[in-house]
Engineer: 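Can you keep this structure in mind? I'll have questions shortly.
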Amino acid sequence: MAEPIPDVTLKFPMQLEKVYEPQRFEPHWAQWWIDSGIYRADAKQAMEGHAFSIVIPPPNVTGSLHIGHMFEHTMMDVAVRWRRMAGAVTLWLPGTDHAGIGTQMVVERHLRTEGLTRKQLGREEFERRVWQWKEEYSGRIKEQIQREGASVDWSRERFTMDPGLSRAVRETFVRLWDKGLIYRGEYMVNWCPDCQTAISDLETVHEAVEGHLWHVRYQVTGSSESIVVATTRPETMLGDTAVVVHPGDPRYLHLHGKTVTLPLMNREIPVLADPIVDPKFGTGVVKVTPAHDPNDFEVAKRHGLPFIKVIGEDARMTESAGPYAGLDRFEARKRVVAALETSGELVRTEPYTVNISKCERSKTIVEPLVSKQWFVRMKPLAAKAMEAVRSGRIRFVPDDREALFFQWMENIRDWCISRQLWWGHRIPAWHCRNCGRMTVAREAPATCPNCHSTELEQDSDVLDTWFSSGLWPFSTLGWPDDTEDLRAFYPTSLLITGFDILFFWVSRMIMLGLEMTGDVPFREVHIHGLVRDAEKQKMSKTKGNVIDPLVIMDRFGTDAVRIALLLSAAAGADIALKEDRMEAGAAFANKIWNASRLLFLNMERSGVHGCPDGHVGCLSELAATEDHWVFDRLNRAIETVNRALALHRYHEAAQTLWDFVWREFCDWYLEVKKLRFRENSGSDAHWQATLTIYETTLRLLQPLMPFLTEELWQRLMHGAAENAQRPKSISLAAYPTASLDEAEPERVRAFELLQQVVTSARELRADHKLEPKAKLQATLSRTAFSKDELLAIERLANLEVMQQAQTTNARQGVIRSTPHFDLQIHANASGDKVRIVKEIADLERAIVQKETRLNDPNFNARAPESVRSKEREAYLAYKAQLQKNRALLEGLE
RNA sequence: GGGCGCUUAGCUCAGCCGGUUAGAGCGCGUGCCUUACAAGCACGAGGUCGCAGGUUCGAUCCCUGCAGCGCCCACCA
């Protein structure tokens, strides 16, 4: 096991380097977290206690991680670290996805640079190459995840094509097949001529492009009459086998049952009636190309029309296209149009916007083709999934994403799961070369169950990559075996992922999880937004606006990037990531570092070594006013942070911590404490309170900034006495709950007054542009300040506090007054009244508002008493302050 | 064609159940190298909460309409 602290810091744990350099310790802790095995989940323990489990959305092994992954991982890590510290037995399971089509394409592209194609290599050799690629990239991804500080359990790392997960895939396939939920058949699918495979509906993107609507005349057989059909794809007419009209369309009633001659092909095709036709669109006559249009496919099946395939898998015209055979589909279109023009059968051409489907990956226009594919029947699966969400067994965060989920589920269509690729899970079906019979089985059968031939060949198709990802929450835990892990950690507690894969992945996990395990795969789904660039543009390699997480982690430190991402992460919202965010994050980390440096320096000076044992969280009788105040503020922060984390409001947690640490702990608490350090009055009691606050704050920050807090906490603990109870990492210590001692309200109030006096003095000094070093004299009407508090006021505001006003003539002084104290600052100031005048105006406005409200009988009759009394109180306070300000103003005039 | 979301300070965005004079970061202005931090400190300027109605004692928040922007889904030739 590695040493918990780098050697150099071991020697001088309390001497922080002057400059915050996260690069010095972040890699060290990342490594130690792995070597020490502290994030390894214990299934036995989990079954006894409270478990919290989460699986990583497996990144594709196509390449390295981008900033969106880091955003997602950071939120997951915060969730996991928080639950871990809160006492849950946690499992965060890491892994990667084989990403069938995506990986195959990048490897093929890579091969092309070597002048090779996959066909030249052959299937076996190609698969070997892809495995090589996978090894390289999953290794890179692993390093990146470690660098992010993700507290995953590497002993449970999985890959979608691991033997165990492959077994889960076959098990699922066979069960669905046996239930009749998987079928195979000739249907119309989206065919990508570039990828040379069928793709699912989800893998296509729609795009509106400017095209044409060509009107073509078809001659009615044995008549001088002709009809005109409109088409956006004239090349497909070569495969027409009918034209249809609406059954009730009076214009064409007399043509029902007649035939027309298909131009160019001189084929007789029937005129049919079908309600699919909209009589109001175009001419009300539609050509039917059963083999190349999804609508026409349905029509043809209803009417038993023949299918003529005129476009092949390579997007070139087939032999059936007669003279056009061999031409590319777009070239064929040109020639067909030209031919129709020549023959006079093209009546007219009009511009028309057409919706085309493109392959999401290759951007090639998808060709609807009839081919033999495997499908999953979705309706029955979707019904169960919707029920699980409706009943609340799965909750969405933010919950408006549910609408999206239902919208898709309600209109779900069968899922084409077969791909004509080489990289992926082979479909567990074997075809007998002898009798032709197909066998679906978990393992390769030795002989054909029908004819006992040994001439069996496995189906060459592979499964859609999402088929295996859909099993991820349970296949990774050992399913279909009833493993300890499965019992301990399934259903998983939470899934954090992007909306872009809600349908691809989340929905399928829900459906397959319910079907295979009988339980939901996760109880909560947090759908986050997209990380965009500073101009809110989507990041993409082609735009060149991609932010590489490794680069910015090197530059700013991981904690800084984490806090920057978290601060931007309003639930579900996209974030525009600017560099200044990360600079601010680094500044925050630097602030914490330096605050620690101040404390550590003074601990050494006071002879205090490390964190004191015992009575942590207590406010002793000797605790000072500022201790009471900061206990109060920290308790509030603890409460807010815990609530925010429970609701996945990471930005709120981050913001709360930021404000507490910077605006309260550093700006006020440490500033006052510095005075005590100077006086060398830091008694043990003071240190106890100070270190309690400090150490608790580190723990509160830990889930968000694990590296920095680990480094500081280890140093703090290193100097302290050994304690068997002490966990070996801050990430295993208890998360703060609002259980610190209650601060005394009177003393909290006293500190707030102190702040007001100090701030007022600063305002006046700035307003009157006084010499920064000029000491001012002040008289405080409130006498309740203790000696210590007066000292703090004097020092922080650079004031000399007088027993009473030195002059009764306010004209010589500058005065500031609040309802709670009067402050006269005597100086040779010009007596600028601007501030008082402005404040009087503000107060008058507020008072009018209050008066109107308080005088409104309806308000008095209907508003709750709690609101009314608050309003009255506020009104009186304004009134009092206004009077004082007026008096002051008079005095100045 | 359906559905969803957004519009708050110069910029990026918070604002949970409607209730004191609406917040943060960055940027901007002024003054400070105050022995933790110039990656800092202090002080400040800056908002008719998209527009128009409505509900309510009370609306940035709820409802309706409008305008602008964005996203998702979709087999009208």
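Letters go in sequence order (proteins before strands), and every chain restarts at 1. Everything numeric here is computed off the predicted structure, so don't read it as measured data.
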Engineer: Taking atom C1' in both B:G70 and B:C75, compute the distance separating them and give it to the nearest angstrom.
Structural biologist: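 Going atom to atom, C1' in each nucleotide, I get 26 Å.
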
Engineer: Which whole-number value in Å describes the distance from A:Leu708 CG to B:C37 P?
Structural biologist: 17 Å

Engineer: Under a 3.5 Å cut-off for both distances, is B:A45 Watson-Crick or wobble paired, and to whom?
Structural biologist: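 For B:A45, the partner nucleotide comes out as none, under the 3.5 Å rule.
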
Engineer: Roughly how far apart, to the nearest Å, are B:C61 and B:A42 at atom P?
Structural biologist: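 The same atom, P, in both gives a distance of 35 Å.
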
Engineer: In Watson-Crick or G-U wobble terms, both distances under 3.5 Å, what is the partner of B:A22?
Structural biologist: none

Engineer: For A:Trp662, answer base if it contacts any base atom (sugar-phosphate contacts may also be present), sugar-phosphate if it contacts only those atoms, and nothing otherwise; contact means non-hydrogen atoms under 4.0 Å.
Structural biologist: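 If one applies the 4.0 Å heavy-atom cut-off, A:Trp662 turns out to touch the sugar-phosphate alone, with no base involved.
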
Engineer: Over all strands shown, is A:Gln407 touching base, sugar-phosphate only, or nothing at heavy-atom distances under 4.0 angstrom?
Structural biologist: base

Engineer: Under a 3.5 Å cut-off for both contacts, is B:C51 paired Watson-Crick or G-U wobble with anything, and if yes, with which nucleotide?
Structural biologist: B:G65

Engineer: Do A:Asp580 and B:C26 share a donor-acceptor pair, side chain to base, under 3.5 Å?
Structural biologist: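 Not at all, since no donor on one side and acceptor on the other fall under 3.5 Å apart.
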
Engineer: Taking the P atom in each of B:G1 and B:U55, what is the distance between them to the nearest angstrom?
Structural biologist: 33 Å

Engineer: Please classify the nucleic acid contact of A:Asp856 as base, sugar-phosphate, or nothing, using heavy-atom distances under 4.0 Å.
Structural biologist: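 Result for A:Asp856 = sugar-phosphate.
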
Engineer: Quick one: classify the glycosidic conformation of B:C28 as syn or anti, with syn meaning within 90° of 0.
Structural biologist: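 Judged by the O4'-C1' to base torsion, B:C28 sits in anti, the angle falling more than 90° away from 0.
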
Engineer: Can you tell me the pairing partner of B:U56 across any strand shown, Watson-Crick or G-U wobble, with both distances under 3.5 angstrom?
Structural biologist: none

Engineer: Given that both distances must come in under 3.5 Å, which nucleotide forms a Watson-Crick or G-U wobble pair with B:G27?
Structural biologist: none

Engineer: Out of B:G25, B:A42, B:C71, which nucleotide sits closest to the side chain of A:Arg762?
Structural biologist: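 Per side-chain heavy atoms of A:Arg762, the pick is B:A42.
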
Engineer: Which whole-number value in Å describes the distance from A:Lys578 NZ to B:G10 P?
Structural biologist: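 Atom NZ in A:Lys578 sits about 14 Å away from atom P in B:G10.
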
Engineer: Check every strand shown and say whether A:Pro864 touches a base, only sugar-phosphate, or nothing at a heavy-atom separation below 4.0 Å.
Structural biologist: base

Engineer: For A:Phe503, report the nucleic acid contact type (base, sugar-phosphate, nothing); a contact means any heavy atom under 4.0 Å.
Structural biologist: sugar-phosphate

Engineer: Hey, does A:Tyr352 reach any base, or is it just sugar-phosphate, or nothing, if we go heavy atoms under 4.0 Å?
Structural biologist: sugar-phosphate

Engineer: Less than 3.5 Å between a donor and an acceptor, one on the side chain of A:Glu671 and one on the base of B:A42, is that the case here?
Structural biologist: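 It does not, because no donor-acceptor pair links the side chain of A:Glu671 to the base of B:A42 below 3.5 Å.
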
Engineer: Where the side chain of A:Thr231 is defined as all heavy atoms beyond and including C-beta, which of B:U12, B:A77, B:C75 is the nearest nucleotide?
Structural biologist: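 Nearest to the side chain of A:Thr231 among the choices is B:A77.
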
Engineer: Looking at B:A39, B:C75, B:U21, which one has an atom nearest to any side-chain atom of A:Gln849?
Structural biologist: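 When the side chain of A:Gln849 is considered, B:U21 is the closest of B:A39, B:C75, B:U21.
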
Engineer: Categorize A:Ala595 for me: base, sugar-phosphate, or nothing, with a 4.0 angstrom heavy-atom threshold over every strand shown.
Structural biologist: base

Engineer: Using 30° and 60° as the class boundaries, would you call the ring planes of A:His648 and A:Tyr650 parallel, tilted or perpendicular?
Structural biologist: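 Perpendicular.
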
Engineer: Do you know the tightest heavy-atom contact between A:Val310 and A:Glu235?
Structural biologist: CG2-O, 4.5 Å

Engineer: Can you figure out which of B:G5, B:A24, B:U12 approaches the side chain of A:Gln655 most closely?
Structural biologist: B:A24

Engineer: Quiz question: going by heavy-atom distance under 3.5 Å, is there a donor-acceptor pair between the base of B:A36 and the side chain of A:Lys674?
Structural biologist: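 Donor-acceptor pair under 3.5 Å: yes.
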
Engineer: Identify whether any heavy atom of A:Arg649 sits under 4.0 Å from a base atom; if not, whether one sits that close to sugar-phosphate; answer base, sugar-phosphate or nothing.
Structural biologist: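 A:Arg649: backbone/sugar contact only, no base atoms under 4.0 Å.
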
Engineer: Suppose you measure atom C1' in B:G68 against the same atom in B:G54; what distance do you get, rounded to whole Å?
Structural biologist: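 Comparing C1' positions in B:G68 and B:G54 gives a spacing of 23 Å.
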
Engineer: Mark yes when over 12 heavy atoms from residues, nucleotides or ligands other than A:Glu21 sit less than 6.0 Å from its CD; otherwise mark no.
Structural biologist: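 Buried by this count: over 12 neighbours within 6.0 Å.
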
Engineer: Kindly indicate whether the side chain of A:Asp659, heavy atoms from C-beta on, has any atom under 4.5 Å from the side chain of A:Glu664.
Structural biologist: no

Engineer: From C-beta outward on A:Arg853, which listed nucleotide comes closest to its side chain: B:G25, B:A77, B:G19?
Structural biologist: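 Shortest atom-to-atom distance from the side chain points to B:G19.
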
Engineer: Between A:Arg643 and A:Glu639, does at least one N-O distance fall below 4.0 Å, as a salt bridge requires?
Structural biologist: no

Engineer: Both distances below 3.5 Å, Watson-Crick or wobble geometry, any strand: find the nucleotide opposite B:C33.
Structural biologist: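 Paired with B:C33, as far as the under-3.5 Å criterion goes, is no nucleotide at all.
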
Engineer: Calculate the interatomic distance between A:Phe297 atom CZ and B:A77 atom P; express it in whole Å.
Structural biologist: 19 Å

Engineer: Answer yes or no: is there an ion pair linking A:Arg555 with A:Glu579, defined by an N-O contact shorter than 4.0 Å?
Structural biologist: yes

Engineer: Is there a side-chain polar atom (N or O) of A:His651 under 4.0 Å from OP1 or OP2 of B:A14?
Structural biologist: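 No.
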
Engineer: What integer distance in Å separates A:Asn411:CG from B:C75:C1'?
Structural biologist: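 Atom CG in A:Asn411 sits about 13 Å away from atom C1' in B:C75.
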
Engineer: Would you classify A:Val288 as touching base, sugar-phosphate or nothing, given that sugar-phosphate means primed atoms plus P, OP1 and OP2, and contacts are heavy atoms under 4.0 Å?
Structural biologist: nothing

Engineer: Describe the nucleic acid contact of A:Arg663 in one word from base, sugar-phosphate, nothing, applying a heavy-atom distance below 4.0 Å.
Structural biologist: sugar-phosphate

Engineer: What nucleotide among B:A77, B:C37, B:A39 has an atom nearest to a side-chain atom of A:Thr232?
Structural biologist: B:A77

Engineer: Go through B:C37, B:U12, B:C71 for me and flag the one nearest to the A:Asn594 side chain.
Structural biologist: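 Looking only at side-chain atoms, A:Asn594 lies closest to B:C37.
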
Engineer: Side chains of A:Met553 and A:Thr558: closer than 4.5 Å at any heavy-atom pair?
Structural biologist: yes

Engineer: Which atoms form the tightest heavy-atom contact between A:Arg868 and A:Asn860, and what is the distance?
Structural biologist: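 Nearest pair, atom of A:Arg868 first, then A:Asn860: NH1-O, 3.2 Å.
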
Engineer: For A:Leu843, report the nucleic acid contact type (base, sugar-phosphate, nothing); a contact means any heavy atom under 4.0 Å.
Structural biologist: base

Engineer: Without decimals, in angstroms, what is the distance between A:Leu502 CG and B:C71 C1'?
Structural biologist: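 Value for this atom pair: 13 Å.
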
Engineer: Which part of the nucleic acid, if any, lies within contact of A:Ala863, taking any heavy atom under 4.0 Å across all strands shown: a base, the sugar-phosphate backbone alone, or nothing?
Structural biologist: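 Since a base atom lies under 4.0 Å of A:Ala863, the category is base.
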
Engineer: Taking any strand in view, what nucleotide pairs with B:C16 in a Watson-Crick or G-U wobble way, both distances under 3.5 Å?
Structural biologist: none

Engineer: So which nucleotide from B:A24, B:C43, B:C37 ends up closest to the side chain of A:Thr759?
Structural biologist: B:C43

Engineer: From the set B:A36, B:A42, B:A39, return the single nucleotide nearest to any side-chain atom of A:Cys666.
Structural biologist: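 Given the options B:A36, B:A42, B:A39, the side chain of A:Cys666 is closest to B:A36.
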
Engineer: Give A:Ala766 one of three labels, base, sugar-phosphate or nothing, depending on what nucleic acid heavy atoms sit under 4.0 Å from its own.
Structural biologist: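 The residue A:Ala766 makes sugar-phosphate contact but no base contact.
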
Engineer: Which whole-number value in Å describes the distance from A:Glu298 CD to B:C75 P?
Structural biologist: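 A:Glu298 atom CD is separated from B:C75 atom P by 12 Å.
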
Engineer: P atom, B:U56 versus B:C4: distance in rounded Å?
Structural biologist: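 About 27 Å, rounded to a whole number of Å.
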
Engineer: Do the rings of A:Phe307 and A:Phe297 sit parallel, tilted or perpendicular, given the 30° and 60° boundaries?
Structural biologist: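 Perpendicular.
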
Engineer: Would you kindly give the CD-to-P distance between A:Glu207 and B:C71, to the nearest whole Å?
Structural biologist: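 In whole Å, B:C71 P lies 13 Å from A:Glu207 CD.
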
Engineer: For A:Val189 and A:Cys416, work out which heavy atoms get closest and say how close.
Structural biologist: CG1-SG, 4.1 Å

Engineer: Indicate, with a heavy-atom threshold strictly under 4.0 Å, whether A:Asp659 touches base, sugar-phosphate, or nothing.
Structural biologist: nothing

Engineer: Which nucleotide in the set B:G40, B:G25, B:A74 lies at the smallest distance from any side-chain heavy atom of A:Ala587?
Structural biologist: B:G40

Engineer: Write down the distance separating the C1' atoms in B:A59 and B:G53, rounded off to the nearest Å.
Structural biologist: 13 Å

Engineer: Is there a Watson-Crick or G-U wobble partner for B:G1 with both distances under 3.5 Å, and which nucleotide is it?
Structural biologist: B:C73

Engineer: What integer number of Å spans the C1' atoms of B:U34 and B:C41?
Structural biologist: 8 Å

Engineer: May I have the distance from A:Lys18 (atom NZ) to B:A38 (atom C1'), rounded to whole angstrom?
Structural biologist: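 Checked: the NZ to C1' distance equals 11 Å.
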
